[in-house]
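A, B, ... follow the sequence lines: proteins, then strands. Residue 1 opens every chain. In this text the structure is predicted, and so the values were computed from the model without any measurement.
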2 protein chains.
Amino acid sequence: MSERMADKIRAKLEEMIVTGEFSDGERLDEIRLADSFDVSRTPLREAFQQLAASGLLVLEARRGAFVRQPAFEEMIEMFEVMAELEAMCGRLAARRVSEPVLDAIRETVLACEEAVNRGEADAYYAENEHFHHLIYDASGNHFLAEEARRLHRRLQPFRRMQLQLRGRMAQSLGEHRAILEALENGDEASAATVLRDHVAVQGGKFNDLMVSYRRSQLHQKAR
Amino acid sequence: MSERMADKIRAKLEEMIVTGEFSDGERLDEIRLADSFDVSRTPLREAFQQLAASGLLVLEARRGAFVRQPAFEEMIEMFEVMAELEAMCGRLAARRVSEPVLDAIRETVLACEEAVNRGEADAYYAENEHFHHLIYDASGNHFLAEEARRLHRRLQPFRRMQLQLRGRMAQSLGEHRAILEALENGDEASAATVLRDHVAVQGGKFNDLMVSYRRSQLHQKAR
DNA sequence: AACTTCATTCTTGTATACAAAATCATTGAC
DNA sequence: GTCAATGATTTTGTATACAAGAATGAAGTT
């Protein structure tokens, strides 16, 4: 048990919130939660602080911790910002990327290709992560890379959902190829545009997913 | 004392870090700091969590809290990202801003003008804040506005320094006018460009400030 | 003299205890 | 019957106590 308890709890709570275990606005009872994790309130409260910082909770003074399920509109907003951050990474990377890093990016594209051929969504997902992180770093702006990572992480579960959509993996792969090409050509404008669209399409796909999800919800209620 | 102790401590520590009271990499002793604030370690540790989330501290497990003074290069990086976020705000705002908000923006420009005429840097600073926050909100993307505010806040002390530079206030005012004009015309591209440059120039000015600061440091050491 | 090992000390991480504020329920007035 | 006020209870915020890991230093070996 080398890790800090508070960090494990944060990770677990993060997953629970993101997977919809709690509903929006729900108050988290410190004592009951602490008991369920078999810890005292102290590490739990530290986890609360961290979750509040990343926007998953809001702490109201002397009122408690309330889960903040980003509404549909906010998710779209987040994708919009993510698209712009990725575009910026792409623009800078097109100018600054080195040959070894370019090689690494090429490898991830190949690995993505294999994953698509085998229909392995998990493998694709992992390589996709790698691909994007490489570009963040290639921007040469470390602060930007960190911000991008932070937001990427927050949108992670929604990205993952999308790979379930028919044909999305192949489409995504094609976009990766276009991004790689722009980087190889040092074409800043193109790299920015293609990356922006690559992420924006995810926002759109997310929209589609939500619509069909809500329809099924309505269906259930209408029974 | 309606506020939470932890929040007051966070604010105070934030100021101390940002004003350079601590040096980069310095370890903050929980017990001594808690004593100096006349509180126990508990609220202090909560403050640490928050400061770590905003990047001012790094918490190493069982090692302690270390202050993270962004190096010169990182400050430039942050201005670079800030420029892009503001550009995005401007682009969206040009499309979405309403007449009442436009009026409010016009007022801040007038107030800035008066501040310049009177040579009141503090008043200018306050109105400048207002001006930028209005544009963040006018973007219509609430998440983006929050992100912009967060980064703006982090760069705050460095912005403030710049107003000391000769002629910077008048120059800044001119840029504000150009931004307002772009918004009035609904010119997305222009709003984005002018705002990007408006912030980028701050990065440049910051550069100038740091160079002269370091020169004076060297001078002192060379005595 | 330098390096390793072990014990001591110090510091962080967690649990528990206590204080203060907010919520809830009961009682009383209108 | 509804609303307000007040006391009880719950819950947060802070302090303190305790446990466990890390840093420090002394002693012993090579």
Side-chain angles (χ1 to χ4, degrees), chain A residues 1-18 21-70 150 153, chain B residues 1-18 21-70 150 153:
Chain A
M1 211 190 318
S2 74
E3 212 179 345
R4 289 177 48 179
M5 229 10 152
D7 292 334
K8 285 210 287 188
I9 292 170
R10 179 197 51 71
K12 181 62 184 164
L13 276 178
E14 190 172 80
E15 192 200 325
M16 289 173 80
I17 293 172
V18 140
E21 199 124 342
F22 305 109
S23 47
D24 185 45
E26 185 174 344
R27 184 177 137 276
L28 298 187
D29 189 293
E30 287 186 4
I31 298 173
R32 288 208 326 210
L33 258 184
D35 283 351
S36 85
F37 283 117
D38 250 314
V39 295
S40 76
R41 286 170 51 219
T42 312
L44 190 82
R45 284 174 60 89
E46 288 204 0
F48 277 8
Q49 294 286 339
Q50 296 180 36
L51 291 168
S54 61
L56 272 59
L57 290 182
V58 293
L59 302 181
E60 292 186 30
R62 294 176 217 283
R63 298 277 324 283
F66 300 84
V67 322
R68 174 132 167 51
Q69 289 289 5
R150 207 172 52 88
R153 184 171 146 73
Chain B
M1 212 191 320
S2 73
E3 213 178 344
R4 289 177 49 182
M5 232 5 158
D7 292 335
K8 285 211 287 189
I9 293 170
R10 179 197 50 73
K12 182 61 183 165
L13 276 178
E14 190 172 80
E15 193 200 324
M16 290 171 79
I17 293 172
V18 140
E21 200 123 343
F22 305 109
S23 47
D24 185 46
E26 185 174 343
R27 184 177 137 276
L28 298 186
D29 189 293
E30 287 185 3
I31 298 174
R32 289 206 326 210
L33 257 184
D35 284 351
S36 86
F37 282 117
D38 250 316
V39 295
S40 75
R41 285 170 52 218
T42 312
L44 189 82
R45 283 174 61 89
E46 288 204 0
F48 277 9
Q49 293 287 338
Q50 297 180 36
L51 292 167
S54 60
L56 271 60
L57 290 181
V58 292
L59 302 182
E60 291 185 29
R62 295 178 215 283
R63 298 277 325 283
F66 299 84
V67 323
R68 173 133 169 52
Q69 290 289 5
R150 206 172 53 88
R153 185 172 147 72

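Residue R27(B) is classed as a sugar-phosphate contact, given heavy-atom separations below 4.0 Å to backbone atoms only. Within the nucleic acid shown, L28(B) comes within 4.0 Å of sugar-phosphate atoms alone, with no base atom in reach, counting heavy atoms only.
Rounding to whole angstrom units, CZ of residue F37(A) and C1' of dT14(C) are separated by 16 Å. Rounded to a whole Å, the CG atom of D35(B) is 12 Å from the P atom of dT11(C). One interatomic measurement links the two molecules: CZ of R32(A) to C1' of dT10(D), which rounds to 13 Å at whole-angstrom precision. The CG-C1' distance, from L57(B) to dT12(C), rounds to 15 Å in whole Å. The CD1 atom of I31(B) sits 15 Å away from the P atom of dC18(D) (whole-angstrom rounding). The distance between atom CZ of R62(A) and atom C1' of dG13(D), rounded to the nearest whole Å, is 6 Å. The CG atom of L59(A) sits 11 Å away from the P atom of dT12(D) (whole-angstrom rounding). Atom-to-atom, CD of E30(B) to C1' of dT11(C) comes out at 8 Å; the value is rounded to the nearest Å.
Of the candidate nucleotides dT14(D), dT12(D), dT14(C), dT14(C) has the atom nearest to the side chain of R4(A).
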| request: Could you please spell out the steps behind the side-chain contact (heavy atoms from CB on, under 4.5 Å) verdict for L44(A) and L28(A)? | output: CA-CA 11 Å; L44(A) 190 82; L28(A) 298 187; over 6 Å; no
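For the atom pair CG (D35(B)) and CZ (R41(B)), the distance works out to 11.0 Å, reported to the nearest 0.5 Å. Expressed to the nearest 0.5 Å, how far CE of M16(B) lies from CG of L51(B) amounts to 11.5 Å.
When R10(A), Q49(A), R45(A), E46(A) are each tested for a side chain to side chain donor-acceptor pair (under 3.5 Å) with Q49(B), only one passes: E46(A).
One finds a side-chain N or O of R63(B) lying less than 4.0 angstrom from the OP1 or OP2 phosphate oxygen of dA23(D).
Around atom CZ of R150(B), more than 12 heavy atoms belonging to other residues, nucleotides or ligands sit under 6.0 Å away.
Of the residues in residues 38-53 of chain B, those placing a heavy atom less than 4.0 Å from an atom of DNA chain D are V39(B), S40(B), R41(B), T42(B), P43(B), in numerical order.
In this structure, Q69(B) contributes its side chain and I17(B) its backbone to a donor-acceptor pair below 3.5 Å.
Looking only at side-chain heavy atoms (C-beta outward), T42(A) and M5(A) stay at 4.5 Å or farther from each other.
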